[in-house]
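Step one of this worksheet: look at the structure below.
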Amino acid sequence: MLQLSFIRENKDRVLKGLKVRNYADKDLGIIEEVIALDDKRKSTQKSLDDQLAQAKVLSKQIGGLYKEGKRSEGDALKEQVASLKEQTSQLQEELKAAESQLTEQLLSLPNIPHESVPAGNTDEDNEVFKDWTEELPVLTGDALPHWELSKKYTIFDLELGTKLTGAGFPLYRGKGAKLQRGLINFFLDEGHEAGYEEIIPPLLVNEDSARGTGQLPDKEGQMYHCTGDNLYLIPTAEVPITNIYRNVIMDEKDFPVKLCGHTPCFRREAGSYGAHVRGLNRVHQFDKVEIVRIEHPDKSYEVLMEMLAHVEKLLQKLELPYRILRLCGGDLGHAAALTYDFEVYSAAQKRWLEVSSVSNFETYQSNRMKLRFRNEDKKMQLAHTLNGSALALARIVAALLENNQTPEGIRIPKALQPYTRFDILN
RNA sequence: GGAAGAGUGGCAGAGCUGGUUUAAUGCACCGGUCUUGAAAACCGACGUACCUUAACGGGUACCGGGGGUUCGAAUCCCUCCUCUUCCGCCA
């Protein structure tokens, strides 16, 4: 959620940012609407406060008069306060209405993109930030996509998952299960090496948490909702881990906050079926190690690059060809100011698969969840939040299987072998 | 799931037979005096949000969340949440 003060003071920048996000000219009026609503809110509160102050003084006088036994004088004052009350309750309603309208408008406004975000509509317009300069692996003609390899070597079973749950819930077995476990531990250990504290959070969160990181109301239909208890299955560890800091006032010396955690992620992925979602390319449940940072605003972009380097190192150790994209305005998530996507080349499918998304949310999330710190001048200031996948499993597995297939089986990268405890999957 | 009790400012803790409570007091933190330095002692400041003011300051709201009664609510009522103890169930 953008801060009103920011919108007021940086109107041009906000408008420019919305344009980068492909807002039509006619929709830009929302900014003026928001400011007008805020004016209305302010003036309403001013008159409400004045009246309440009057009523308060009078009420105190009534108490005094009653004590002195001056009942009739007290009763006379009562009538005055009663009529004041009618006005205040009306003003109160107006104030409430203005506030809720304002909140609704503010929630609908996306974050303002960082100045480096390229304009554009679709993923076609994303900018290649770092390309893969070596040759892309080329497989022989009989190379198999990962869903075929899976059948050949019994790695995961989508049919069984369908039997147990439904489409998109893979069941891993044998060496496939060990590969999963190995990857998770590898990623967590790398996170630990880089100074991240490991968290095992709850996999269900309440409404406040879902709102804090921006899943509600923006992505309501994308989460599994347990209506009986009004809890949501997490779509990413970002939600519980970042919300640790919801409603927290930090001290400047508490920075940096570096957290990581492995969780399964649950996504309904409503409406996204098609040729590109075969196998593990898009599933409803997958495992992911997430890294989360809470940072001083002056440091956050430096930290973003540091996170990029961390993810890059993981892919290098896994010996996977990758490239880094800078998302364009149209592809950028609602809450992010700047996002880099990592894509891994899947040789059998001959396409790039998104395996990580690293974002700086600046104050957008922290404003929603009231995550603040006391700065040098002892003043309250919103912190910056960042997060990134390091890494998401399902697609990494897909790429590993495909790129490393040999006639003898699937070759496990060296860095992973201590974790899988086998060097070939067959 | 059942019964009882409780949730007050960073912490502890009073107020809870409704009206100088602008939420006492202690501790912690911060600033100052004293000291070579520190401790102790003493003095002072010490919440959050919003509104207002050029600024000093002033105003309103907040005593787990929400709603209600009343001229007036931390205090009474309703409801939800959380915690503690006991019982039941259980990996």
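Chain letters run A, B, ... following the sequence lines, proteins first, then strands; residues in each count from 1.
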Pairwise side chain to side chain donor-acceptor pair (under 3.5 Å) hits with a residue in residues 97-115 of chain A, at least two apart
A/E33-A/Q105, A/H114-A/S116
Interatomic distance at P, B/C71 relative to B/A23, whole Å
23 Å
Value rounded to 0.5 Å, distance of NE2 in A/H310 from CZ in A/F187
9.0 Å
Any donor-acceptor N or O pair under 3.5 Å, side chains A/E238, A/T213
no
Determine the interatomic distance between P on B/A39 and the same-named atom on B/C30; round to the nearest Å.
10 Å
In whole Å, I'd like the distance from the CD1 atom of A/I249 to the P atom of B/G10.
8 Å
Expressed in whole Å, how much space separates the C1' atoms belonging to B/U53 and B/C11?
35 Å
Return the nearest nucleotide to the side chain of A/R374; candidates are B/G47, B/A49, B/C71.
B/G47
Examine B/A49: is either OP1 or OP2 under 4.0 Å from a nitrogen or oxygen in the side chain of A/R372? Give yes or no.
yes
Quick test of your reading of the model: are A/R411 and A/E319 salt-bridged, counting only N-O distances below 4.0 Å?
yes
Determine, using ring centers only, whether A/F373 and A/H296 are less than 6.0 Å apart.
yes
Applying a 4.0 Å non-hydrogen cut-off, can you work out what A/K85 is touching in the nucleic acid: base, sugar-phosphate, or nothing?
sugar-phosphate
Atom-to-atom span, NZ of A/K78 to C1' of B/U69 - whole angstrom
13 Å
Pair A/K16 + A/D12, salt bridge at N-O below 4.0 Å:
no
What is the distance from CG of A/L77 to P of B/C71, rounded to the nearest Å?
13 Å
Pairing stems for RNA chain B [at least three consecutive pairs; Watson-Crick or G-U; under 3.5 angstrom]
B:1-7 with B:81-87, B:10-12 with B:25-27, B:30-33 with B:41-44, B:47-52 with B:57-62, B:64-68 with B:76-80
What interatomic distance, in whole Å, is found between C1' of B/C62 and the corresponding atom of B/A4?
30 Å
Roughly, in whole Å, what's the span from CD in A/E252 to C1' in B/C30?
16 Å
Say you pick atom P in B/G18 and the same atom in B/G66; how far apart are they, in whole Å?
24 Å
Return the value, rounded to whole Å, for the distance between atom CD of A/Q92 and atom P of B/C50.
18 Å
P atoms of B/C76 and B/G5, separation to the nearest Å:
14 Å
Taking atom P in both B/C78 and B/U69, compute the distance separating them and give it to the nearest angstrom.
15 Å
Distance check needed: B/G72 C1' versus A/Y66 OH, whole Å only.
10 Å
Just to be sure I understand the geometry, which residues of residues 43-58 of chain A put a non-hydrogen atom under 4.0 Å away from RNA chain B?
A/Q45, A/K46, A/D49, A/L52, A/A53, A/K56
Say we look at B/A24 and B/A12: how far apart would their C1' atoms be, to the nearest angstrom?
14 Å
Criterion side chain to side chain donor-acceptor pair (under 3.5 Å) on A/E127 and A/Y340, from CA distance to verdict
CA-CA 10 Å; A/E127 173 188 304; A/Y340 292 96; over 6 Å; no
Tell me whether the side-chain N/O atoms of A/K96 come closer than 4.0 Å to OP1 or OP2 in B/G67.
yes
